[in-house]
Amino acid sequence: MEIRENVPIASLTTMRLGGNARYVISVKTPGEIAQAYDFARKRGLATWMMGGGANTIGHDEGFAGVIILNEIKGIFVKQGDGLVAVEDADRKKLGDEIILTGMGGESWDDFVRMACDLGYSGIEALSMIPGTLGAAPVQNIGAYGQDISQVIVSAEAYDTQTEQVITIEKNEMRLSYRRSRFNYGEDKGRFVIFAVTVKLTKGELQRPFYNSLERYVEKYHETNFSPNNIRRMICEIRRDKLPDPKDVASAGSFFKNVFVDKTGADEAETKGIPIWRNADGGGKINSGWLIEQCGLKGKELFGFRVSDKAALVLINESAKSYHDLDRARQTIIDTVKEKFGYTLNQEPVEIPILTEEK
């Protein structure tokens, strides 16, 4: 367990904003999670759990508590009655379904790559989503018609209230669009997820695909829809549209898409607004499309630029202050609201302002 003092939050998050954290603790094993919380408890300090910082925004005032970084690694496959490290597994004995367990500090994209290399479908469209595996069920990450709720089985977590390690089954997670028990309601922030288990199947993703993937398939006359080839296509689409947060300061998709019921979807279609329909007739409106139609794509706002490739992405070109982000965000929200009547909601979470020890 590594403990550091007075660490800039800007150095821990891909948007590169935020003052100092009083302490930052990196945990490498599940047992160190309890030790980190004990460290904070003995000093009367608040805590904030974080993975790779790709979906997290810091405030200028910093955080006078303990930020705990999940750096627990390992990917395992279920064989027989136990778990075997993927690199040691007998691939000849893998069947039509596979149970994969990844530790929370693993890169989500590395986990997807492993599943695709093994030939299993279920998360290939989620390729190149930044962040860690432990954060995936918190936001119920999704893209191109897939989301983790379709494949997740369970999660292993440290319960900060009971100070016990527990297993949380899928039906206990209350998963919905970018929402879960872990980030909403009375249990928000209560559980530290250090392992995630998913069930994947042999096979191929079936058409029709999500709009941008379908367009790619048509353009390049693709016919191979194996997990690895879908992953290749998704990676090419994302590289063309989305900046790598390792190289460009951003938090990925900054606004959530807009969901409407059947009546709202019908109304949107009559106005010429593209809709991705659900089985119940409701649907999803691409917030990036709304922003682009407002003429904001490529615009510079208070040190942030609306990406000229994907209008859902805000790039921090020169801003040093959360106040700049607040002004850029509100400009976009107000403009979309005025033109279309929809209120956009931010996707990244924010570390709470904490300037005094508690």
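Because the structure is predicted, anything quoted here is derived from the model rather than measured.
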Query - Atom NZ of K202 with >12 non-hydrogen neighbours under 6.0 angstrom - result: yes
Report task. Determine whether I123 and I148 make a side-chain contact, defined as any pair of heavy atoms from C-beta on separated by less than 4.5 Å. Result -> no
**Report entry** E97 and Y120 side chains, donor-acceptor separation under 3.5 Å
**Finding:** no
**Report entry** Salt-bridge criterion met for D38 and K42 (N-O under 4.0 Å)
**Finding:** yes
**Report entry** Partner residues of T197 under the side chain to side chain contact (heavy atoms under 4.5 Å, CB included) criterion, sequence neighbours left out
**Finding:** I99, T101, V153, S154
Requested in this report: Please name all residues satisfying side chain to side chain contact (heavy atoms under 4.5 Å, CB included) with Y184, sequence neighbours left out, ordered by chain then number.
Outcome: R179
Query raised in the report: Counting only heavy atoms not in E338, do more than 12 sit closer than 6.0 Å to its CD atom?
Result: no
Query raised in the report: salt bridge (Lys or Arg N to Asp or Glu O under 4.0 Å) with K92: which residues, sequence neighbours excluded?
Result: none
**Report entry** Residue pairs involving residues 209-220 (criterion salt bridge (charged side-chain N to carboxylate O under 4.0 Å, His left out); sequence neighbours excluded)
**Finding:** R207-E214, R207-E218
Query raised in the report: Is there a path of hydrophobic side-chain contacts, each under 4.5 Å between heavy atoms of I, L, V, M, F, W or Y residues, that connects F255 with I315?
Result: no
Requested in this report: Using the test salt bridge (Lys or Arg N to Asp or Glu O under 4.0 Å), find all partners of D60 that sit at least two apart in sequence or belong to another chain.
Outcome: none
Report task. Could you tell me the separation between the CE atom of M114 and the CD1 atom of I98, rounded to the nearest 0.5 Å? Result -> 9.5 Å
Query raised in the report: Is a side-chain N or O of E61 found less than 3.5 angstrom from the main chain of G19, in a donor-acceptor match?
Result: no
**Report entry** Parallel, tilted or perpendicular: ring planes of F225 versus F209, cut at 30 and 60 degrees
**Finding:** perpendicular
Query - Heavy-atom check, side chain of N20 versus side chain of V7, under 4.5 Å - result: no
Query raised in the report: Regarding T167 and E156, is there a side-chain donor-to-acceptor distance under 3.5 Å anywhere?
Result: yes
Requested in this report: Compare all side-chain heavy atoms of I67 with those of I9 and state whether any distance is below 4.5 angstrom.
Outcome: yes
**Report entry** Set of side chain to side chain contact (heavy atoms under 4.5 Å, CB included) partners for D147, sequence neighbours left out
**Finding:** N140, S149, Q150
Query raised in the report: Counting N and O atoms only, with roles assigned by atom type, does the side chain of R43 sit under 3.5 Å from a partner on the main chain of F39, one being a donor and the other an acceptor?
Result: yes
Query raised in the report: Are R41 and Y37 in a cation-pi setup, meaning NZ or CZ lies under 6.0 angstrom from the ring centre and within 45 degrees of the ring axis?
Result: no
Query raised in the report: Taking L301 as the fixed residue, which of D324, T335, V306 is the one that meets the side chain to side chain contact (heavy atoms under 4.5 Å, CB included) rule?
Result: V306
Query raised in the report: For the residue pair W276 and Y210, does the interplanar ring angle fall in the parallel (under 30°), tilted (30 to 60°) or perpendicular (over 60°) class?
Result: tilted
Report task. Ignoring hydrogens and angles, state whether a donor on the side chain of E124 or S127 is under 3.5 Å from an acceptor on the partner side chain. Result -> no
Query raised in the report: To the nearest 0.5 Å, what is the distance between CG (L312) and CG (L290)?
Result: 9.0 Å
Query raised in the report: Which pairs count as salt bridge (charged side-chain N to carboxylate O under 4.0 Å, His left out) when at least one residue sits in residues 275-291, sequence neighbours excluded?
Result: D266-R277, E269-R277
**Report entry** Residues R305 and E300 bridged, charged N to O under 4.0 Å
**Finding:** no
Query raised in the report: Any side-chain donor paired with an acceptor under 3.5 Å for R174 and S180?
Result: no
Query raised in the report: Are the side chains of V198 and L200 in touch, meaning some heavy atoms are under 4.5 Å apart?
Result: yes
Report task. Give me the ring orientation class for Y216 and Y220: parallel if the planes are under 30° apart, tilted from 30 to 60°, perpendicular past 60°. Result -> tilted
Query raised in the report: Same cluster for L242 and M233 if Ile/Leu/Val/Met/Phe/Trp/Tyr side chains link at under 4.5 Å?
Result: no
Report summary line: The side chain to side chain contact (heavy atoms under 4.5 Å, CB included) partners of T263 (sequence neighbours excluded) come to D261, E267
Query - Residue pairs passing the salt bridge (charged side-chain N to carboxylate O under 4.0 Å, His left out) test where at least one lies in residues 287-298, sequence neighbours excluded - result: E292-K297
Report summary line: Exactly one of R4, M1, E32 clears side chain to side chain contact (heavy atoms under 4.5 Å, CB included) with S26, and that residue is R4
Report task. Decide yes or no for N316 and L17: does some side-chain heavy atom of the first lie under 4.5 Å from some side-chain heavy atom of the second? Result -> yes
Query raised in the report: Do F302 and L325 have side chains that get closer than 4.5 Å, going by heavy atoms?
Result: no
Query - Hphob cluster co-occupancy, V192 + L45, side-chain heavy atoms under 4.5 angstrom - result: yes
**Report entry** D159 (side chain) donor-acceptor with Q164 (main chain) under 3.5 angstrom
**Finding:** no
Requested in this report: Report yes or no: do M15 and L344 belong to one cluster of Ile/Leu/Val/Met/Phe/Trp/Tyr joined by side chain heavy-atom distances under 4.5 Å?
Outcome: yes
Requested in this report: Spell out, as yes or no, whether a donor-acceptor pair under 3.5 Å connects the side chain of R178 to the backbone of G142.
Outcome: yes
Query raised in the report: Are the side chain of Q206 and the backbone N or O of E204 linked by a donor-acceptor pair below 3.5 Å?
Result: yes
Report task. Mark yes or no for whether N70, through its side chain, and I193, through its backbone, hold a donor-acceptor pair below 3.5 Å. Result -> yes
Query raised in the report: Taking the side chain from E169 and the backbone from N171, do they hold a donor-acceptor pair closer than 3.5 Å?
Result: no
Requested in this report: State whether the side chain of S307 and the backbone N or O of L314 hold a donor-acceptor pair below 3.5 Å, judged by distance alone.
Outcome: no
Requested in this report: Return yes when atom NZ of K28 has more than 12 non-hydrogen atoms of other residues, nucleotides or ligands closer than 6.0 Å, and no otherwise.
Outcome: yes
Query raised in the report: Does M103 reach the side chain of P30, with side-chain heavy atoms less than 4.5 Å apart?
Result: yes
**Report entry** Donor-acceptor contact present, side-chain S321 to main-chain H323, <3.5 Å
**Finding:** yes
Query - ILVMFWY cluster, Y144 and I285 together (side-chain gap under 4.5 Å) - result: no
Query raised in the report: With a cutoff of under 4.5 Å between side-chain heavy atoms, which Ile, Leu, Val, Met, Phe, Trp and Tyr residues group with F259?
Result: Y177
Query raised in the report: Does the side chain to side chain contact (heavy atoms under 4.5 Å, CB included) test come out yes or no for W289 and F340, once each step is laid out?
Result: CA-CA 11 Å; W289 185 89; F340 292 104; 4.0 Å; yes
Query raised in the report: Do side-chain atoms of W108 reach the backbone of I141 as a donor and acceptor pair under 3.5 angstrom?
Result: no
Query raised in the report: Below 4.5 Å, heavy atoms only, C-beta onward: do V196 and I152 meet side chain to side chain?
Result: yes
Query raised in the report: For E106, what residues pass the side-chain hydrogen bond (donor to acceptor under 3.5 Å, both in side chains) criterion, not counting sequence neighbours?
Result: none
Query - Under-4.0 Å salt bridge between R113 and D117 - result: no
Query raised in the report: With a 3.5 Å cut-off and no angle check, do the side chains of N183 and Q139 form a donor-acceptor pair?
Result: yes
Query raised in the report: Is it true that the side chains of R232 and N229 contain a donor and an acceptor less than 3.5 Å apart?
Result: yes
Query raised in the report: Relative to each other, are the rings of F191 and F182 parallel, tilted or perpendicular (30° and 60° limits)?
Result: perpendicular
Requested in this report: If you link ILVMFWY side chains whenever their heavy atoms are less than 4.5 Å apart, which other residues fall into the same cluster as M128? By chain and number, please.
Outcome: none
